[in-house]
2 protein chains.
Amino acid sequence: MKPVYYEHIHTDKYSGARYGILHTPHGDFETPIFMPVGTQATVKTLIPEEIEKVSDGLILGNTYHLWLQPGDEVVKEFGGIRGFMNWNHALLTDSGGFQVFSLSKTRKITEEGVYFNHYKSGEKLFLSPEDSIRIQNNLGADIIMSFDECPPFHSDIKYMTESVERTIRWAKRGLLAHENKNTQGLFGIIQGGGNKELRLHMINELKDLDFAGFSIGGLSVGESKEEMYEMLEYLKDVMPFDKPRYLMGVGSPDDLIEGALDGIDMFDCVLPTRNARHGSAFTKYGQIQVKNQSLKLSKDPLDECDCYVCKNYTRGYLNHLVKSDEILGQRLITYHNLYFLKNLMRNIREAIKNDRLFEFKKEFYNDYGYKMKGRI
Amino acid sequence: MKPVYYEHIHTDKYSGARYGILHTPHGDFETPIFMPVGTQATVKTLIPEEIEKVSDGLILGNTYHLWLQPGDEVVKEFGGIRGFMNWNHALLTDSGGFQVFSLSKTRKITEEGVYFNHYKSGEKLFLSPEDSIRIQNNLGADIIMSFDECPPFHSDIKYMTESVERTIRWAKRGLLAHENKNTQGLFGIIQGGGNKELRLHMINELKDLDFAGFSIGGLSVGESKEEMYEMLEYLKDVMPFDKPRYLMGVGSPDDLIEGALDGIDMFDCVLPTRNARHGSAFTKYGQIQVKNQSLKLSKDPLDECDCYVCKNYTRGYLNHLVKSDEILGQRLITYHNLYFLKNLMRNIREAIKNDRLFEFKKEFYNDYGYKMKGRI
């Protein structure tokens, strides 16, 4: 049996959204699912017992960061990321590619791999597809990613073609390098920016290879929402149906709903945790700045919500914590924001099961204050 | 019945250390006790459920900070600090005096009160003894403090005398201003720096007034440990026996033991929480810098300790968190450091009950790596 596979259960008969189960060595997860980001083997501010409550049990770690600090060999010594951070559930790691391209000021891409500089020290570093897989084998996540280049959405056709062809070759090299085929599922990553032909080409090149699932990279990287949604709608019908589909780096409430409508099964994003550290909270009626003066005297909870934070603290107290730069404020809002997305995904799944994701979208958008966009 | 009073139970027959019960409206506490500091209505990084586990249920809030942000009237609206931060146990507030003198670059002391500048904005502010009590009445702690000047330990005799006389007058004015005599116990504060005559004079002036207890201020403010211990030894025999004795701002393990030996019942200090945020942890064998390279591969717990952190995380993981500037590192070390002091105080009380605080000191110092000092 493959360590990671997708079991399709239901298709929303109006939208075509997918409800299914993602099977992993450390848990089976209803999809669509949102995965909190635990960049440095910690979902910022939270302990694992709290992550359990605000996630579905599948979180993400960043290969790039853990390779540099404390080092993947060190993490392996502690039983992988799961043992290191005392997380008893499932885990996914990215390939490191995105950070190589986004965090380094200079880099040189060769067929062999990428030369770049350490994002803090400036030290010269090199990462190849085989390195990425070896590091991810050491980090020991249930789901791992092919090493890819993430070219800008609007790259010219010549560069985009070269990049896509190279990433295809890298994906194949990664498959060969993968040593834990019985315990870790390797996903291929579909790049190609805004170019549908190249996206389709990449899918055709990778779909019959031994990947456990497919990720969509290179979206939510600066293009407009309309451009992203158009690409997602296109990909919906051409991605392999029987494999899990993971839209990387996407996590605003509207994008989660739109992604689900386009058959996405998995999402991750730093948005809920990063926003929280900047004092911004998701609520049923839209995002709010917690330090806003209007909250100062409010004895209401942060949101109409049954999470620990909303049951125990007032907006007024949270306002005070954020104004006072107190870590507890960041911690409590992080908790709520993640819970908010967990709850949103639960509602999305429920809606798909009942063939009413379009209606749910309408209701959610109406409360949240989003303007309706694209198809209803 | 007075809201706050001390019940003496046992005197260590060799050292003279006191074991007793501090009665408050929100709990009775075995003494000597250490009180974690929750400056801005939060013990930094922790939720109340955690503070319960790492304290004995009595914590401190800072009048100065809460007066300025969000304002004592606001806090009162939320049910006082306890309601505001969702803390269901007991609380003590300081008078604000210490911050007025330590945080403001300039200030002008008059008989009426102190003119000074906001520690951040520079705004001109004024605080009188009556203001301090009124603010503390609004903040609603079980135990509140007289407004005092905290002169430098080595002030000249003329200044120290003037200061002490004024603080005596301020203490009397505070007593008159105190409006919640049935629900909040007001402590007098003994100042006088390194001058024993003035300390004694102040005690004589205040001891028969209606104070619920007495604080010792102006120690641990830059004088040597020997000077502090000499003063504590002197005060031991002249402080009122039937009232709780609170040594303000003291919290290193050796000072807690020395203070207990000199009959102190209550302590507070930012040391365990502030140190934690700088990656420094208390352990049985002394303080350690958690980011020290020697911990990188260690699978040992932080300390020989049964706290949540020591049961669930390795030194190696904590080393990684601190090196990576992760908030979770600050949070976990804060938790352990407070638990360490809670446990130390429990051991001190046990030793007093068994007339063996001197022996305990010797054992603790030996493990911790402290040199023995003063009396053994």
Side-chain angles (χ1 to χ4, degrees), chain A residues 38-51 65-66 68-71 73-75 77-79 81 83-88 120 273 276-277 291 293 295-299 308-309 311-332 334-335, chain B residues 38-51 65-66 68-71 73-75 77-79 81 83-88 120 273 276-277 291 293 295-299 308-309 311-332 334-335:
Chain A
T39 298
Q40 306 194 104
T42 158
V43 174
K44 290 186 194 300
T45 78
L46 303 183
I47 55 174
E49 293 83 344
E50 290 161 349
I51 306 171
H65 290 283
L66 292 167
L68 295 177
Q69 164 59 39
E73 298 280 352
V74 173
V75 174
E77 276 299 304
F78 286 83
I81 295 174
F84 193 46
M85 69 180 281
N86 200 26
W87 173 245
N88 298 318
K120 282 184 179 168
T273 43
R277 297 197 304 284
K291 74 173 168 193
Q293 194 65 7
L295 275 62
K296 182 169 182 173
L297 295 172
S298 171
K299 290 172 186 164
Y308 165 77
V309 176
K311 281 190 289 189
N312 288 283
Y313 304 93
T314 60
R315 289 181 159 207
Y317 181 58
L318 294 168
N319 171 270
H320 164 68
L321 291 179
V322 173
K323 271 193 196 154
S324 305
D325 287 326
E326 283 288 351
I327 286 173
L328 184 59
Q330 301 183 23
R331 174 179 164 187
L332 295 178
T334 296
Y335 188 101
Chain B
T39 298
Q40 306 194 103
T42 158
V43 174
K44 290 186 193 301
T45 77
L46 302 183
I47 55 174
E49 293 84 343
E50 290 160 349
I51 306 170
H65 289 282
L66 291 167
L68 296 177
Q69 163 60 38
E73 298 280 353
V74 173
V75 174
E77 276 300 304
F78 286 83
I81 296 174
F84 193 46
M85 69 181 281
N86 199 26
W87 174 244
N88 298 317
K120 281 184 180 168
T273 42
R277 297 197 303 284
K291 76 173 168 194
Q293 194 65 7
L295 276 61
K296 182 169 181 174
L297 295 172
S298 171
K299 289 172 187 164
Y308 166 76
V309 176
K311 281 191 289 189
N312 287 284
Y313 304 94
T314 60
R315 290 182 157 205
Y317 181 58
L318 294 167
N319 171 269
H320 164 69
L321 291 178
V322 174
K323 272 194 195 154
S324 305
D325 288 326
E326 282 287 351
I327 286 173
L328 183 60
Q330 301 182 23
R331 174 179 165 188
L332 295 178
T334 296
Y335 188 101

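In the text below, chain A, chain B and the rest are named by the order of the sequence lines, each starting its count at 1. Just the heavy atoms: all of them, side chains too, but no hydrogens, waters or symmetry mates, feed the values below.
Ranking A/Lys120, A/Lys299, A/Arg277, A/Glu77 against chain B, the residue ahead of the rest is A/Lys299, based on heavy-atom pairs under 4.5 Å. Each of A/Thr45, A/Ile47, A/Asn86 has some count of heavy-atom pairs under 4.5 Å with chain B, and the biggest count is that of A/Ile47. When the candidates B/Gly329, B/Gly71, B/Pro48 are compared by the number of heavy-atom contacts under 4.5 Å with chain A, B/Pro48 comes out ahead.
To the nearest 0.5 Å, atoms OG (A/Ser324) and CG (B/Leu68) are separated by 10.0 Å. Distance CG/B/Asn319 to CD/A/Gln69: 7.0 Å, rounded to 0.5 Å. The CD atom of A/Glu326 lies 7.5 Å from the OG1 atom of B/Thr39; values are rounded to the nearest 0.5 Å.
For A/Tyr313, the part lying under 4.5 angstrom from a heavy atom of chain B is the side chain only. Using a 4.5 Å cut-off between heavy atoms, A/Ser298 contacts chain B through its backbone alone, with no side-chain atom that close. Residue A/Glu73: no heavy atom, backbone or side chain, is found under 4.5 Å from chain B. Residue contact with chain B, scored on non-hydrogen atoms closer than 4.5 Å, involves the side chain of A/Leu321 exclusively.
Closest heavy-atom contact between B/Tyr317 and A/Ala41: OH-O, 2.5 Å.
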After noting the C-alpha distance and the side-chain angles of A/Met85 and B/His320, does the key distance pass the side-chain contact (heavy atoms from CB on, under 4.5 Å) rule?
CA-CA 10 Å; A/Met85 69 180 281; B/His320 164 69; over 6 Å; no
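For the pair B/Leu328/A/Leu46, no side-chain contact is recorded, criterion being any heavy-atom separation below 4.5 Å from C-beta on. The side-chain heavy atoms of A/Thr314 and B/Phe78, taken from C-beta on, include a pair separated by under 4.5 Å. Looking at B/Ile327 and A/Thr42, their side chains never come closer than 4.5 Å, going by heavy atoms from C-beta outward.
Remark: B/Lys323 engages no residue in a salt bridge (Lys or Arg N to Asp or Glu O under 4.0 Å) (not counting sequence neighbours). A search for salt bridge (Lys or Arg N to Asp or Glu O under 4.0 Å) contacts involving A/Arg315 returns nothing, not counting sequence neighbours.
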